[in-house]
Amino acid sequence: MPGYDASDIEVEGPWTHRAVSAGGTRFHVAENGDGPLVLLLHGFPEFWWSWHNQLVSLAAAGFRAAAVDLRGYGGSDKPPRGYDLVTLAEDAAGLVRSLGEANAVVVGHDWGGLLAWTMAVYHPKVVQRLAVVGAPHPLRLRQAVRGDPRHQGWATRHTFGFQVPMWPERRLLRDDAALVGRLLHQWSAPGWPDERTERLVRRAAQIPGVAHSAMEYHRWLIRSQVRPDGLRYARRMRTPIQVPTLQLHGALDSCVLPVSAQGSGRYVAAPYRWKLIEGAGHFPHQERPRAFDTQLVGWLTDPEPER
């Protein structure tokens, strides 16, 4: 197996790389621009590079964009515990404060989206606006998997396959992390990922500790369903979200089906907007960046986003 470390994924660009500490954990952040803070949270199996297009477009629109490697990923710390959504939301809230702001627009994709939903409930004062991509509200996701096992249950079968110990990590890393590349292709529309992105994401997965940390996210999601912490989480997540919310979803998403994401608005008591990105799969911010940015920046610059 190649020996990769965090320096191998610190791609140069108009952004700057730095380490930021929050709650005793050190996080790698790529930043660009000046203005209101937009915190960008990636999903599985990616890292900060997921948002490289938006680091440019948001800065051009007058925002300070900060793409973080989540706990366990990329250049961030990889502690043995803390891969539940409550702890991850504490990480993100602490990051906003460590970046010198009282609150921020929070944009999350996939696991970063589940984290963003959680952050809006557990740390509402830190979230100025909420944008989620390819991620239903956690309670809506639970309903979709249970209510439609033949479709959404099958689409997320990888999560169930990750529950056994050790073997999923080995499978993820086998043959230069070939499975990571297959998942990117499988969940996206034809024509993505580009060669550079696939190479970077496969390389990032092989940084020591990343594969195990990524599996721990999925293990918590399933195992917490019947544990006291998971039951407390589900009760808390019924709290209506009180900030303007944008939900963007790829029309061709085969990982989280659009019908599974629809209905999340019932958990939002503030202005809520749902938009499908045509021609995109599970990664619309990378597959169709112009269409995605039109929706995101238009919503961010709208002082009164409609319902």
query = Any side-chain heavy atom of S76 within less than 4.5 Å of one from T25?
reply = no
message = Suppose we screen for salt bridge (charged side-chain N to carboxylate O under 4.0 Å, His left out). Which residues come up paired with D84, at least two apart in sequence or across chains?
response = none
key: Any side-chain donor near an acceptor of the partner, Y267 and T245, under 3.5 Å   = no
message = Could you check whether D229 pairs with R227 (Lys NZ or Arg NE/NH1/NH2 to Asp/Glu carboxylate O, under 4.0 Å)?
response = yes
query = Does D77 have any salt bridge (charged side-chain N to carboxylate O under 4.0 Å, His left out) partners at least two apart in sequence or in another chain, and if so, which?
reply = R26
key: Sidechain-backbone polar pair: R71 side chain, R81 backbone, donor-acceptor under 3.5 Å   = yes
ask   = Which of parallel (below 30°), tilted (30 to 60°) and perpendicular (above 60°) describes H109 and F283?
value = tilted
task = Answer yes or no: is there a side-chain heavy-atom contact under 4.5 Å between P193 and V201?
result = no
ask   = Ignoring hydrogens and geometry, is there a side-chain-to-backbone donor-acceptor pair from R288 to I277 under 3.5 Å?
value = no
task = Please assess L70 against D91 for the test side chain to side chain contact (heavy atoms under 4.5 Å, CB included), listing each intermediate value before the final yes or no.
result = CA-CA 8 Å; L70 299 185; D91 287 346; over 6 Å; no
key: N/O donor-acceptor pair under 3.5 Å between W49 side chain and T197 backbone   = no
query = Going from NE2 on H212 to CE on M215, what distance comes out if it is rounded to the nearest 0.5 angstrom?
reply = 10.0 Å
inquiry  = Run the side chain to side chain contact (heavy atoms under 4.5 Å, CB included) test on L300 and L58 for me, step by step, so that the C-alpha distance in whole Å, both residues' side-chain angles and the decisive distance to 0.1 Å come before the verdict.
reply    = CA-CA 10 Å; L300 285 174; L58 287 170; 3.7 Å; yes
request  = Answer yes or no: is there a side-chain heavy-atom contact under 4.5 Å between W15 and V29?
outcome  = no
remark   = Minimal heavy-atom distance between P240 and A269, with the atoms involved, is CB-CB, 3.9 Å
ask   = Under the 3.5 angstrom rule, does the side chain of Q54 hit a backbone N or O of H285 as a donor-acceptor pair?
value = yes
request  = Decide yes or no on ring-ring contact (aromatic ring centres under 6.0 Å, His included) for Y73 and W111, but give the supporting numbers first.
outcome  = CA-CA 12 Å; Y73 281 94; W111 263 98; 9.4 Å; no
inquiry  = Assess the residue pair L85 and W220 against the criterion (side chain to side chain contact (heavy atoms under 4.5 Å, CB included)); give the C-alpha distance rounded to whole Å, side-chain angles, the decisive distance to 0.1 Å, and a yes or no.
reply    = CA-CA 9 Å; L85 284 167; W220 177 83; 3.7 Å; yes
task = Could you tell me how the ring of Y217 sits relative to the ring of Y83: parallel (under 30°), tilted (30 to 60°) or perpendicular (over 60°)?
result = tilted
ask   = So, does W192 use its side chain to make a donor-acceptor pair with the main chain of G281 at under 3.5 Å?
value = no
remark   = Here the pair of heavy atoms bringing L55 nearest to A59 is O-CB, 3.4 Å
request  = Kindly write out the residues that satisfy side chain to side chain donor-acceptor pair (under 3.5 Å) with H282, not counting sequence neighbours, or none if the list is empty.
outcome  = D110, D253
query = When you measure from the side chain of S213 to the backbone N and O of K78, does any donor-acceptor pair fall under 3.5 Å?
reply = no
request  = Kindly state each residue pair satisfying salt bridge (Lys or Arg N to Asp or Glu O under 4.0 Å) with at least one member in residues 10-21, sequence neighbours excluded.
outcome  = R18-E31
query = Taking all atoms of both residues into account, what is the closest heavy-atom pair of G62 and P36, and its distance?
reply = O-CD, 3.5 Å
query = Who passes side chain to side chain donor-acceptor pair (under 3.5 Å) against T16, sequence neighbours left out?
reply = none
ask   = More than 12 heavy atoms of other residues, nucleotides or ligands under 6.0 Å from CZ of R171: is that the case?
value = no
message = Determine whether the aromatic ring centres of residues H28 and F47 are separated by less than 6.0 angstrom.
response = no
Residues forming a side chain to side chain donor-acceptor pair (under 3.5 Å) with H123, sequence neighbours excluded = none
message = Within this structure, what is the OG-CZ distance for the pair S260 and R142, rounded to the nearest 0.5 Å?
response = 15.0 Å
remark   = What one should report as the nearest heavy-atom pair of P45 and V180 is CG-CG1, 3.8 Å
request  = Begin with the C-alpha distance, continue with both residues' side-chain angles, and end with the deciding distance and a verdict on side chain to side chain contact (heavy atoms under 4.5 Å, CB included) for I241 and Y272.
outcome  = CA-CA 10 Å; I241 288 168; Y272 168 81; over 6 Å; no
query = Can any side-chain N or O of R129 pair as donor or acceptor with the backbone N or O of W299 at less than 3.5 Å?
reply = yes
query = Is there a side-chain contact between L40 and H42, using heavy atoms and a 4.5 Å cut-off?
reply = no
Under 3.5 Å, which donor-acceptor pairs link side chains of residues 98-106 to any protein atom two or more places apart or in another chain?
residue: S98; atom: OG; partner: S21; partner atom: O; Å: 2.7
residue: S98; atom: OG; partner: G94; partner atom: O; Å: 3.1
residue: N103; atom: OD1; partner: Q128; partner atom: NE2; Å: 3.3

query = Can you list the residues that meet the side chain to side chain contact (heavy atoms under 4.5 Å, CB included) rule with P208, with sequence neighbours excluded?
reply = none
inquiry  = Check R273 with D302, please: is the shortest side-chain N to carboxylate O separation under 4.0 Å?
reply    = yes
ask   = With E90, which residues qualify under salt bridge (charged side-chain N to carboxylate O under 4.0 Å, His left out), at least two apart?
value = none
request  = Spell out, as yes or no, whether a donor-acceptor pair under 3.5 Å connects the side chain of S254 to the backbone of Q186.
outcome  = yes
ask   = Roughly how far, to the nearest 0.5 Å, is CZ of R64 from CG of L37?
value = 5.5 Å
query = Side chains of R219 and P168: closer than 4.5 Å at any heavy-atom pair?
reply = yes
query = By salt bridge (charged side-chain N to carboxylate O under 4.0 Å, His left out), which residues pair with E287, not counting sequence neighbours?
reply = none
query = Ignoring hydrogens and geometry, is there a side-chain-to-backbone donor-acceptor pair from S224 to G230 under 3.5 Å?
reply = no
task = Drop me the distance from E198's CD to L183's CG, to the nearest 0.5 angstrom.
result = 10.5 Å
note = Smallest heavy-atom separation, V210 atom then G74 atom, equals CG2-N, 3.9 Å
query = If you measure from OH on Y122 to CG on L88, what distance do you get to the nearest 0.5 Å?
reply = 12.0 Å
query = Do H249 and V256 have side chains that get closer than 4.5 Å, going by heavy atoms?
reply = yes
note = Correct closest heavy-atom pair for P303 and T301 would be CD-O, 3.3 Å
query = If you look only at pairs with a residue in residues 35-59, which of them pass as a salt bridge (Lys or Arg N to Asp or Glu O under 4.0 Å), with sequence neighbours excluded?
reply = none
request  = Kindly compute the distance separating CZ (R140) from CD (Q247), expressed to the nearest 0.5 Å.
outcome  = 10.0 Å
request  = Evaluate side chain to side chain donor-acceptor pair (under 3.5 Å) for Q286 paired with D194, printing each intermediate quantity in order.
outcome  = CA-CA 10 Å; Q286 296 181 82; D194 57 272; over 6 Å; no
inquiry  = Please check this pair: side chain of T118 against backbone of L114, looking for a donor-acceptor N/O pair closer than 3.5 Å.
reply    = yes
key: With R266 via side chain to side chain donor-acceptor pair (under 3.5 Å) - residues at least two apart   = none
